[in-house]
Peer 1: 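Encoded as structure tokens, here's the structure I'll be asking about.
Since this is a predicted model, take the numbers as computed values, not measurements. A, B, ... follow the sequence lines: proteins, then strands. Residue 1 opens every chain.
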Amino acid sequence: MLTLKKVSKSFRTDLVETHALRSLDLTVDEGEFVAVTGPSGSGKTTFLNIAGLLETFTSGQLILDGEDVSNLSDRQRSIIRNQKIGFIFQGFNLIPDLNLYENVEVPLRYRGIKKAERKERIENALENVGLIGRMKHIPSQLSGGQQQRVAIARALAGEPKLLLADEPTGNLDSLMARQVIELMENINDTGTTIVMVTHDAELAHRAHRNIHIMDGEAVDMEQVLSMSQHQRASKTASA
Amino acid sequence: MFLYNLHLAWLSIKRTPVLSALMVSAIAIGIAICMTIITVYKLMANDPIPHKSNIIFTQTIDLRSASPDDDPNGPDHMSYQDAQNLLKSDIPSKISVHYQTVAVIKSEDESVRPFRSRVRPVTADFFSLFETPFLFGNQWTADDEDSLQQVVVISRALNLRLFGGINSIGQQIQVAGRFYKIVGVLDDWTPTPRFFELDGGAFSETEGAFIPFSLVPALELRKSGGSTVCHASETKEGWQGFLTDECTWLHMWVQLDTQEQQEQWKEHLDNYVKQQKELGRFPRELNNRLHSVMQWLEFKRVVNNDYIMLLGLAFMFLGVCLFNTVGLMLSQSLRRRGEVSVRRALGGSKLTLFYQHMVEASVIGLAGGALGLVLAQAGLAGVRSLYRGFDLLTQMNWQLIAITFGLSILSSLLAGLLPTWRICQLAPAQYLKTQ
């Protein structure tokens with residue numbers, strides 16, 4: 001579904017060059033639920049933005065759904081984002097002036113879907129997240145968990161093949177977070193590939209597979225664990 | 001998508017009412033000042049008879065006595081003697097001599113008190129040359145003129161005043177103590193500028209009554225308004241003496257349909273002056289000039305340089321208002337980075353978002369145009385109250401209203417270009433995390 005081959009991303013100022021990703025090789029299969037973990041500043045969000053075609057990269061190759069999307073124009077990238085990718089953000093990112101119906105409608109408008117089909121898709125999506133009765137409400141009238149469910153409904157309405165979630169439960173209490181993650185698991189059960197960036201180890205454990213990014217590189221989790229055990233043992237010995 | 005974008009524009013305006021009101025006001029004030037000046041300027045520079053302004057001409061022939069320090073341009077008017085001689089020519093398709101006077105008008109209805117009104121003695125071609133519209137009846141005939149019939153064509157306003165607006169053909173009115181039979185009633189006719197007679201002001205109303213020019217020798221109705229210049233060292237006594245004097249006071253306009261006719265008429269004027277020189281008149285060298293309608297308006301400086309400068313200042317002021325609007329739009333766009341980033345993430349291309357924001361700028365422009373129109377009407381009312389004789393120049397027609405909205409939308413689109421371009425260049429990823 002998603003393949004990154006030696007993808008590098010660096011930011012350059014007059015004084016320094018910062019490497020956000022270093023020759024990142026990574027593959028996510030269709031239907032997988034992958035959690036991406038790593039310390040702050042390791043490059044998780046940069047990876048997610050590149051995978052979501054929101055950001056370009058310095059070198060390497062990005063293949064999405066069998067198509068090389070490394071060097072597409074802005075318009076082509078927008079079309080792919082609209083048709084194949086759904087996003088869930090930590091801050092929900094709902095448009096405050098639009099009611100729930102209109103928020104979910106945004107990607108469908110950009111896709112040029114007819115009114116009747118839009119209505120059906122929006123109502124189904126809101127039904128799936130349990131908010132059909134509140135579709136005329138505006139986001140500020142909802143709790144954080146409900147807003148995140150609307151964001152999920154918005155992502156689902158477009159029937160994306162790939163769902164990218166950046167700390168989807170980061171702003172939620174544990175109860176709400178559990179509801180959201182269960183919702184995501186249900187979505188994954190229908191065949192949608194999910195890549196989720198998270199700090200939450202418990203959440204990461206619920207994914208099929210974990211990818212750890214450190215200093216812009218994907219590292220083997222077992223290697224990470226043995227390194228940390230070795231470090232702890234050395235500290236104990238020296239003490 | 002257009003209606004959707006209109007809906008989004010309305011939501012955006014509702015979200016930031018103060019900022020939106022400031023933008024609308026900035027555009028409205030600029031548009032109002034601009035349209036006030038443009039309205040006056042456009043009507044001043046208007047072609048009053050566009051379909052034939054290049055085939056009707058007035059001419060000046062210079063009968064002044066020799067004096068090296070004089071204005072090189074000859075007198076604007078013509079003497080009675082020369083007008084009568086040139087009227088005999090059959091070169092022009094139409095030829096009209098006329099002037100303005102003032103006379104007491106009285107109807108047979110005793111309840112209408114006599115009043116003074118402007119009266120224009122004209123030759124019969126006047127009406128067809130200037131294509132005056134008739135509400136009732138028609139102009140008098142050449143026979144009426146030759147046989148010195150006392151006939152009159154009155155304006156719609158005069159007909160309303162004297163007869164309540166009914167068809168008054170065949171009725172009689174008194175003009176300067178003589179009875180005249182009404183043969184025609186003009187419909188509203190106010191060429192702007194009033195090119196055929198600039199003496200009484202280029203933007204005044206037309207006369208109430210028109211009587212045959214052939215009656216002039218008997219009537220002794222002196223010219224009212226404008227200049228009458230006598231060029232001979234001695235003037236003759238009485239009205240008849242005045243008519244044969246070297247005094248210029250009459251307007252003459254001719255219709256010359258072809259280039260050939262125009263050449264022939266110029267040649268005729270030259271030959272006429274040469275012939276008159278042999279009789280001891282026209283001491284100067286040949287100085288005959290032919291002016292088309294627009295050339296005449298330019299020559300008489302109907303639109304003077306002050307107005308052109310004022311027009312420039314008005315556009316500069318609009319520019320200042322637009323700069324303010326650009327600033328306000330930039331400030332608004334800063335607040336919208338998050339929303340734009342979300343829309344980009346959801347599949348909105350730069351072009352889609354550019355379109356959305358330009359629709360919003362147009363809505364702001366439209367609102368600014370509507371408010372500007374109201375303010376421009378107030379501005380024009382101000383001009384009317386300050387300057388007499390500007391009534392005809394301070395009325396907006398549909399064309400000017402369309403220009404108002406066109407200019408305001410164009411202004412807002414121009415003002416919106418930079419903020420919209422900048423917001424479309426945002427890297428969406430940067431603001432999605434920080435929302």
Side-chain angles (χ1 to χ4, degrees), chain A residues 9 11 20 44-56 73-99 102-113 115 118 138 151 154-155 157-158 160 164 166-167 170-171 197, chain B residues 1-21 23 332-361 363-364 420-435:
Chain A
K9 170 79 179 180
F11 303 96
K44 301 185 300 293
T45 299
T46 303
F47 151 71
L48 205 72
N49 287 335
I50 287 172
L53 308 187
L54 289 169
E55 215 167 297
T56 55
S73 67
D74 175 74
R75 188 170 164 274
Q76 289 168 319
R77 293 156 72 85
S78 300
I79 291 170
I80 292 176
R81 269 202 305 273
N82 181 250
Q83 295 183 348
K84 294 188 177 176
I85 305 172
F87 290 95
I88 304 172
F89 304 100
Q90 181 178 356
F92 324 131
N93 285 352
L94 298 177
I95 297 170
D97 300 326
L98 304 183
N99 62 34
E102 291 167 332
N103 261 291
V104 177
E105 191 183 30
V106 172
L108 307 182
R109 283 269 186 185
Y110 291 142
R111 202 184 293 187
I113 292 174
K115 190 179 178 182
R118 279 205 310 267
I138 57 169
R154 181 175 65 185
L164 300 175
D166 190 0
E167 303 277 9
N171 283 359
V197 164
Chain B
M1 207 65 182
F2 177 70
L3 290 177
Y4 178 63
N5 285 332
L6 272 184
H7 173 63
L8 295 180
W10 171 239
L11 289 177
S12 168
I13 289 167
K14 269 201 328 187
R15 189 197 313 154
T16 51
V18 176
L19 209 55
S20 301
M23 286 190 276
Q332 194 187 39
S333 70
L334 286 177
R335 295 177 177 202
R336 307 175 75 177
R337 289 178 299 195
E339 182 190 328
V340 169
S341 300
V342 173
R343 288 184 176 278
R344 296 275 285 124
L346 297 177
S349 65
K350 285 180 183 175
L351 193 65
T352 313
L353 291 166
F354 188 84
Y355 178 49
Q356 178 200 324
H357 286 87
M358 290 317 263
V359 169
E360 186 177 330
V363 171
I364 297 275
T420 304
W421 182 80
R422 282 189 61 172
I423 204 162
C424 287
Q425 299 309 310
L426 282 180
Q430 190 182 345
Y431 298 97
L432 290 170
K433 191 80 177 173
T434 55
Q435 265 241 87

Peer 1: Rounded to the nearest 0.5 Å, what separates atom CZ in Arg109(A) from atom OG1 in Thr352(B)?
Peer 2: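 Going from the CZ atom of Arg109(A) to the OG1 atom of Thr352(B) covers 13.0 Å.
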Peer 1: If you define the side chain from C-beta out and look only at heavy atoms, does anything of Arg344(B) sit under 4.5 Å from Asp74(A)?
Peer 2: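 Yes. Closest side-chain heavy atoms under 4.5 Å.
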Peer 1: Can you name the closest pair of heavy atoms from Arg343(B) and Leu98(A) and give their distance?
Peer 2: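 Looks like NH2-CD1, 3.7 Å.
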Peer 1: For His7(B) and Glu102(A), what are the C-alpha separation, side-chain angles and deciding distance, and is it a side chain to side chain contact (heavy atoms under 4.5 Å, CB included)?
Peer 2: CA-CA 11 Å; His7(B) 173 63; Glu102(A) 291 167 332; 2.9 Å; yes
Peer 1: Checking heavy atoms, do the side chain of Ala345(B), its backbone, both or neither come under 4.5 Å from chain A?
Peer 2: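 Both parts, heavy atoms under 4.5 Å.
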Peer 1: Once side-chain hydrogen bond (donor to acceptor under 3.5 Å, both in side chains) is applied, do any residues pair with Lys9(A), and if so which ones, sequence neighbours excluded?
Peer 2: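 Applying side-chain hydrogen bond (donor to acceptor under 3.5 Å, both in side chains) to Lys9(A) gives none.
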Peer 1: Select one option (side chain, backbone, both, neither) describing which atoms of Glu167(A) are under 4.5 Å from chain B's heavy atoms.
Peer 2: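 For Glu167(A), the contact with chain B is made by the side chain alone.
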Peer 1: Shortest non-hydrogen contact from Leu432(B) to Asn93(A)?
Peer 2: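 Heavy atoms only, the tightest pair is O-ND2, 3.2 Å.
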Peer 1: Do Leu353(B) and Tyr110(A) touch side chain to side chain, with heavy atoms closer than 4.5 Å?
Peer 2: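 Leu353(B) reaches Tyr110(A) side chain to side chain.
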Peer 1: Any side-chain heavy-atom pair from Arg154(A) and Leu346(B) closer than 4.5 angstrom?
Peer 2: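 In short, these two side chains touch, coming nearer than 4.5 Å.
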Peer 1: Pick one of side chain, backbone, both or neither for Leu351(B), based on which atoms fall under 4.5 Å of a heavy atom in chain A.
Peer 2: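 Interface part for Leu351(B): neither.
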Peer 1: Does this structure show an ion pair linking Arg336(B) with Asp97(A), if we count only N-O contacts that are shorter than 4.0 Å?
Peer 2: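 Between Asp97(A) and Arg336(B) there is no salt bridge, as every charged N stays at least 4.0 Å from the carboxylate O atoms.
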Peer 1: Is any side-chain heavy atom of Val106(A) closer than 4.5 Å to one of Tyr4(B)?
Peer 2: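 In contact.
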Peer 1: Restricting to non-hydrogen atoms, name the atom on Ser78(A) and the atom on Ser349(B) that form the minimum distance, rounded to 0.1 Å.
Peer 2: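 Result for this residue pair: OG-CA, 3.4 Å.
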